Amino acid sequence: MLDFYKTFEDQITRKIDKPEPGCWISAISPTQEECDFLIQEIGVLPEFVKASLDEEESSHIDHDDDEGQTLIIVDYPNADEDEAVNDNTLLYTTLPLGVVMMKGYIVTICLHDNLNIEDMAKGRIKGMHTDMKTRFLLLLLLKISQRFLIYLRQIDRVSLRTEKKLHQSMRNQELIQMLGLEKSLVYFSTSLKADEVTLNKIMRGKFIRLYEEDEDILEDVMIEIKQAIEMCNIYSNILSGTMDAFASVISNNLNIVMKILTVITIVMSIPNIIFSFYGMNVNGLPFASHWLFPTALAIIACVIATWIFIKKDMFH
């Protein structure tokens, strides 16, 4: 899907029917025909389009001096409904978003719909101008970094709710949910570090021209990214420690169950031993002719063994 937007003199960004100089071209999951349009009509380099649509592409900057084009790929967070751990919890992943800065246009290319592009398209970003490419890029990066923080807080809340459920019952569902959250934090941590490297390259001003009025936005982006990285590390350590603690609790509970079953087995084996003796043709056993005696002896022996195990605190 290709959409074209332009900021007019009244500072409002509107959707237009065809590309014009100074406009923003948004390509979301483009078809082959739309990719050909970007390459042949707009002039975007084919390798830039291909890299932006590669799901495994990591965050980086690529520049072509001959064509005067710069590709910035950043990872943005995504709540994946198709990969949901269960009906209540989403699996958070990261996906690449390509931004091509070229003469006359700024082009964004991504594989799926995302809230960052949607907010830009609906004019929810204050100060956005499609003809100010550097500011447009920085505002998009700021929105992505803020989205990371929002999803990290969601992960923390889900983690706390799951932990409370685990205190009540050790079910596989909650453990799998915790593993899914831990996996999401690994994705976030990897992508945030790659985005930080890309931002550091932008700050050098080698590939992208920086303006004084945009310095505050760039500083805000760096602050948000660093905060997101720190939060991700903290939540990851907490979640990892929680998983280790519950793994120890589960192992300890298993040991307690096995200990109780072993004690019960020992107590229940005492009557078998006594009745086995009296069931054999052995001469000289006391009161062998009275069937009540071995029964009473077995009961007394079981009671004594149970009392000993209780004194030794073997049932806890």
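For clarity, every value in this text was computed on a predicted model and none was experimentally measured.
- Minimum interatomic distance between Cys110 and Asn114 (heavy atoms only, all atoms of both residues): SG-ND2, 3.5 Å.
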Checking Leu192 against Cys232 for the side-chain contact (heavy atoms from CB on, under 4.5 Å) test, could you report, in this order, the C-alpha distance in whole Å, the side-chain angles of both residues, the deciding distance, and whether it holds?
CA-CA 9 Å; Leu192 282 167; Cys232 190; 4.2 Å; yes
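- A distance-only check finds a donor-acceptor pair linking the side chain of Thr130 to the backbone of Gly22 [under 3.5 Å].
- Of all the heavy atoms in Ser52 and Phe48, the pair that sits closest is OG-O, 2.9 Å.
- The distance from the NE2 atom of His112 to the CG atom of Leu95 is 5.0 Å, given to the nearest 0.5 Å.
- Cluster annotation: Leu160 and Ile155 are assigned to distinct hydrophobic clusters (Ile/Leu/Val/Met/Phe/Trp/Tyr, side-chain heavy-atom contacts under 4.5 Å, transitive).
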Run Met102 and Val44 through side-chain contact (heavy atoms from CB on, under 4.5 Å) and show every step you take.
CA-CA 8 Å; Met102 56 188 298; Val44 181; 3.7 Å; yes
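- Between the side chain of Ser145 and the backbone N or O of Leu142 there is at least one donor-acceptor pair closer than 3.5 Å.
- The line from OG of Ser58 to CG of Asp75 is 7.0 Å long, rounded to the nearest 0.5 Å.
- The OH atom of Tyr105 sits 12.0 Å away from atom CD of Gln69, with the distance rounded to the nearest 0.5 Å.
- Under the 3.5 Å distance criterion, the side-chain polar atoms of Glu20 are left unmatched by any main-chain donor or acceptor of Phe4.
- When all heavy atoms of Cys35 and Leu53 are compared, the closest pair comes out as SG-CD1, 3.8 Å.
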Given side-chain contact (heavy atoms from CB on, under 4.5 Å), test Thr93 with Glu55 step by step and report yes or no.
CA-CA 11 Å; Thr93 59; Glu55 201 164 319; over 6 Å; no
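- Residues Glu224 and Val221 fail the side-chain proximity criterion, which asks for heavy atoms closer than 4.5 Å.
- Using a 4.5 Å heavy-atom threshold, the side chains of Asp54 and Lys50 count as separate.
- In this structure, Thr306 contributes its side chain and Cys302 its backbone to a donor-acceptor pair below 3.5 Å.
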Begin with the C-alpha distance, continue with both residues' side-chain angles, and end with the deciding distance and a verdict on side-chain contact (heavy atoms from CB on, under 4.5 Å) for Leu71 and Leu45.
CA-CA 9 Å; Leu71 170 67; Leu45 291 173; over 6 Å; no
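- Here the straight-line distance linking atom CD1 of Ile16 with atom SG of Cys23 works out to 4.5 Å at 0.5 Å rounding.
- Summarising the local packing, CE of Met258 is surrounded by 12 or fewer heavy atoms from other residues, nucleotides or ligands at distances under 6.0 Å.
- Put simply, the side chain of Asp195 reaches to within 4.5 Å of the side chain of Phe148, judged on heavy atoms.
- Between Leu239 and Met178, the closest heavy-atom pair is CD1-CE, 3.5 Å.
- Transitive grouping of hydrophobic side chains (ILVMFWY, heavy atoms separated by less than 4.5 Å) keeps Ile299 and Ile264 in distinct clusters.
- In this structure, the side chain of Gln146 does not engage the main chain of Lys143 through any donor-acceptor pair within 3.5 Å.
- Follow the hydrophobic side-chain contacts under 4.5 Å out from Ile144 and you never reach Ile223; the two are in separate clusters.
- Judged by distance alone, with hydrogens and angles left aside, the side-chain atoms of Ser189 form no donor-acceptor pair with the main-chain N or O of Leu185 at under 3.5 Å.
- Met128 and Met132 sit in two unconnected hydrophobic clusters of ILVMFWY residues. Membership requires side-chain heavy atoms under 4.5 Å apart, directly or through other members.
- Between the side chains of Asp36 and Gln32, at least one donor-acceptor pair of N or O atoms lies under 3.5 Å.
- The closest side-chain donor-acceptor pair between Asp65 and His63 falls under 3.5 angstrom.
- Hydrophobic clustering (side-chain heavy atoms under 4.5 Å, transitive across Ile, Leu, Val, Met, Phe, Trp, Tyr) groups Ile150 together with Leu141.
- Within 6.0 Å of NZ on Lys6 lie more than 12 heavy atoms contributed by other residues, nucleotides or ligands.
- In this structure, Thr70 and Lys133 have side chains that are not in contact, with every pair of non-hydrogen atoms separated by 4.5 Å or more.
- Taking each heavy atom of Ala301 and Ile270 in turn, the nearest pair found is CB-CG2, 3.5 Å.
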Are Tyr92 and Tyr187 close enough, and set up right, to give a ring-ring contact (aromatic ring centres under 6.0 Å, His included), and what steps lead you there?
CA-CA 8 Å; Tyr92 297 91; Tyr187 288 145; over 10 Å; no
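- Contact annotation: the side chain of Leu38 approaches that of Leu2 to within less than 4.5 Å [non-hydrogen atoms, C-beta and beyond].
- Counting all heavy atoms, side chain and backbone alike, Thr198 lies closest to His60 at OG1-N, 3.5 Å.
- At least one side-chain heavy atom of Met222 sits less than 4.5 Å from a side-chain heavy atom of Asn200.
- Side chains of Leu137 and Met101 form a contact here, defined as non-hydrogen atoms less than 4.5 Å apart.
- Interatomic distance, Met203 CE to Leu218 CG, rounded to the nearest 0.5 Å: 5.0 Å.
- Looking at heavy atoms from C-beta onward, Phe136 lies in side-chain contact with Thr108 at the 4.5 angstrom threshold.
- Here Met120 contributes atom CE and Leu140 contributes atom CG; the two are 5.0 Å apart, rounded to the nearest 0.5 Å.
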